[in-house]
Amino acid sequence: MHYRTFGSTSLQVSEIGFGAWGIGGAAMAGDIPIGWGRTEDSVSKAALHAAFDRGINFYDTADFYGLGRSETLIGEVFGDRSDVVIATKVGHRLAAHGAIVLDYSKDYILEACAQSLFRLRRNCIDFYQLHTAKVADLEKGECVEAMEQLKQEGKIRYWGISINTFLPEPEADWILRHKVGHGFQLVLNLLNQKSRPLLEGMQKAGYGVIARMPLQFGLLTGKFDQSTRFETNDHRSFRLPPQVLKETLHALEPAWPLAEKYGISKTGLALSFILSHLEVSTVIPGIKNPEQALDNTTGLVALSASDKAFLQKLYDERFAPLIPFLQKEG
């Protein structure tokens, strides 16, 4: 495992991190699935241990993942050990009737942070993120004030924002112009390279970058075909309907000979492409079991400049037109 410095902070993070949404298990917001289906805590804990054994020291979660279950499992496995970097998020909650509420008020963030610290069994969160806050929330100022207060109180070390999946520019521009926070989480993968033009500016300004959805909910692993279907308590049941599977799998066909060229899996190619962008601090594939911990840390290679350019060209010519089919928040 290689490690990179997270922007201008003191954090040293593994190039491959642990995306912990999946271990939150099945969760619902009313009749909308907001998890990845049923999981077993023993398997999830084994995945966390296996990832650590593979050199992963960066674990990204959110208080909304499994409605606290993901944070709880991470806390039970790692506690407050100093050789593990924990990132979590705030801003999503459920109303009494089950609807998703976006809440970036100061009072809520302060209370939610206390609850996250309790579940994580930590005295301090390494990187605390506003969970897809919008410009209007940032302009209001309460969320920024809350983050700065938490940092001053020693409850968080650094903070940033996990920005919108498909329209990242407004929030990123606002943060960069106001020079607040320390990092961004954004979507970057073979199919969705919309955030790529933002990377250089983020790096120059000293911000760390977390690349999420690197495998586009599994589409880039090579494990799906047009007949793949998902359980109704798995959010992919509505994000990856048959038509999306058909269109994207067809569009991806020209990319896969590169995996054969390097002697790696499709997963390895997808992750290696993201890591070829040196502005990225860490990539966080979802890991639900020990086998995925191994798959996501195996076969990582340095792509040639020409092969990286080829994959970027494929995005411009074949993948970018698919973005409207993929525009469901993740």
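One is the number of the first residue; the rest follow in order along the sequence. From a predicted model like this one, the values you see are computed outputs, not experimental measurements. Heavy atoms only: backbone and side chains are in, while hydrogens, waters and symmetry mates are out.
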TODO: Output, in order, the C-alpha distance, side-chain angles, deciding distance and verdict of side-chain contact (heavy atoms from CB on, under 4.5 Å) for Lys194 and Glu169.
DONE: CA-CA 9 Å; Lys194 191 177 180 71; Glu169 295 93 339; 4.2 Å; yes
Please report the closest heavy-atom contact between [X] and [Y], naming both atoms and the distance.
X      : Y      : result
Gly17  : Pro285 : O-CD, 3.5 Å
Leu188 : Ile274 : O-CD1, 3.1 Å
Tyr315 : Ile323 : OH-CG1, 4.4 Å
Ala47  : Ala293 : O-CB, 4.2 Å
Ala211 : Val280 : CB-CG1, 4.0 Å
Arg318 : Ala251 : NE-O, 2.9 Å

Pairwise side-chain contact, [X] with [Y], heavy-atom cut-off 4.5 Å (strictly under):
X      : Y      : result
Asp295 : Ile287 : no
Tyr65  : Glu71  : no
Leu311 : Leu303 : yes
Arg69  : Asp41  : yes
Cys143 : Leu138 : yes
Leu102 : His92  : yes
Phe319 : Thr248 : no
Leu198 : Leu176 : no

ILVMFWY network linking [X] to [Y], side-chain heavy atoms under 4.5 angstrom:
X      : Y      : answer
Ile156 : Val90  : yes
Ile210 : Met202 : no
Leu73  : Val43  : no
Ile56  : Leu300 : yes
Leu294 : Leu269 : no

Quick check on [X]: does its [atom1] atom have over 12 non-hydrogen neighbours (other residues, nucleotides or ligands) under 6.0 Å away?
X      : atom1 : result
Gln115 : CD    : yes
His250 : NE2   : no
Arg38  : CZ    : no
Glu231 : CD    : no
Lys140 : NZ    : no

TODO: Indicate whether the side chain of Thr88 and that of Ser116 have a donor and an acceptor atom separated by less than 3.5 Å.
DONE: no
Open item on the list: If we count only N and O atoms by modelled type, under 3.5 Å, do the side chains of Asp107 and Ser105 hold a donor and an acceptor together?
Closed with: no
On the 0 to 90° scale, with breaks at 30° and 60°, tag the [X]-[Y] ring pair as parallel, tilted or perpendicular.
X      : Y      : value
Phe273 : His277 : perpendicular
Phe217 : Trp21  : perpendicular
Phe184 : Tyr207 : tilted
Tyr59  : Phe78  : tilted

Does any N or O in the side chain of [X] come within less than 3.5 Å of the main-chain N or O of [Y], such that one atom is a donor and the other an acceptor?
X      : Y      : result
Ser195 : Val187 : yes
Lys89  : Ser162 : no
Glu171 : Val135 : yes
Ser281 : Val209 : yes
Arg157 : Ile125 : no
His182 : Trp159 : yes
Asp126 : Ile86  : yes
Glu247 : Val244 : no
Ser237 : Asp234 : yes
Ser14  : Asn57  : yes

Gap between atom [atom2] of [Y] and atom [atom1] of [X] - 0.5 Å precision:
X      : Y      : atom1 : atom2 : answer
Glu148 : Lys106 : CD    : NZ    : 10.5 Å
Asp173 : Ile175 : CG    : CD1   : 10.5 Å
Thr297 : Met1   : OG1   : CE    : 5.5 Å
Asp103 : Leu94  : CG    : CG    : 12.0 Å
Glu40  : Lys288 : CD    : NZ    : 11.0 Å
Gln12  : Asp83  : CD    : CG    : 13.5 Å

- [ ] Cation-pi check, Arg236 to Phe224: give yes when NZ or CZ is under 6.0 Å from the six-membered ring centre and within 45° of the ring axis, no otherwise.
- [x]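 No, Arg236 does not lie over the aromatic ring of Phe224.
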Testing [options] one by one against [X] for a side-chain contact (heavy atoms from CB on, under 4.5 Å), which residue passes?
X      : options                        : value
Phe18  : Ile23, Ile284, Ile74           : Ile23
Phe58  : Val85, Val84, Leu11            : Val85
Trp174 : Val180, Asp137, Ile161, Ile163 : Val180

- [ ] Starting from the C-alpha separation in whole Å, work towards a yes-or-no answer on side-chain contact (heavy atoms from CB on, under 4.5 Å) for Phe52 and Leu48.
- [x] CA-CA 6 Å; Phe52 184 79; Leu48 290 165; over 6 Å; no
TODO: Report the C-alpha separation of Asp60 and Phe127 in whole Å, then their side-chain angles, then the decisive distance to 0.1 Å, and conclude whether the side-chain contact (heavy atoms from CB on, under 4.5 Å) test is met.
DONE: CA-CA 9 Å; Asp60 177 83; Phe127 185 59; 5.9 Å; no
Open item on the list: With a 4.0 Å cut-off on N to O distance, would you call Lys261 and Asp307 a salt bridge?
Closed with: yes
TODO: Before accepting this row, confirm whether a basic side-chain N of the pair Asp63/Arg93 lies closer than 4.0 Å to the acidic partner's carboxylate O.
DONE: no
TODO: Evaluate the criterion side-chain contact (heavy atoms from CB on, under 4.5 Å) for residue pair Leu186 and Leu199; output intermediate values, then yes/no.
DONE: CA-CA 10 Å; Leu186 48 76; Leu199 297 178; 4.3 Å; yes
- [ ] Report the C-alpha separation of Lys134 and Tyr104 in whole Å, then their side-chain angles, then the decisive distance to 0.1 Å, and conclude whether the side chain to side chain donor-acceptor pair (under 3.5 Å) test is met.
- [x] CA-CA 10 Å; Lys134 303 298 188 287; Tyr104 305 100; 5.7 Å; no
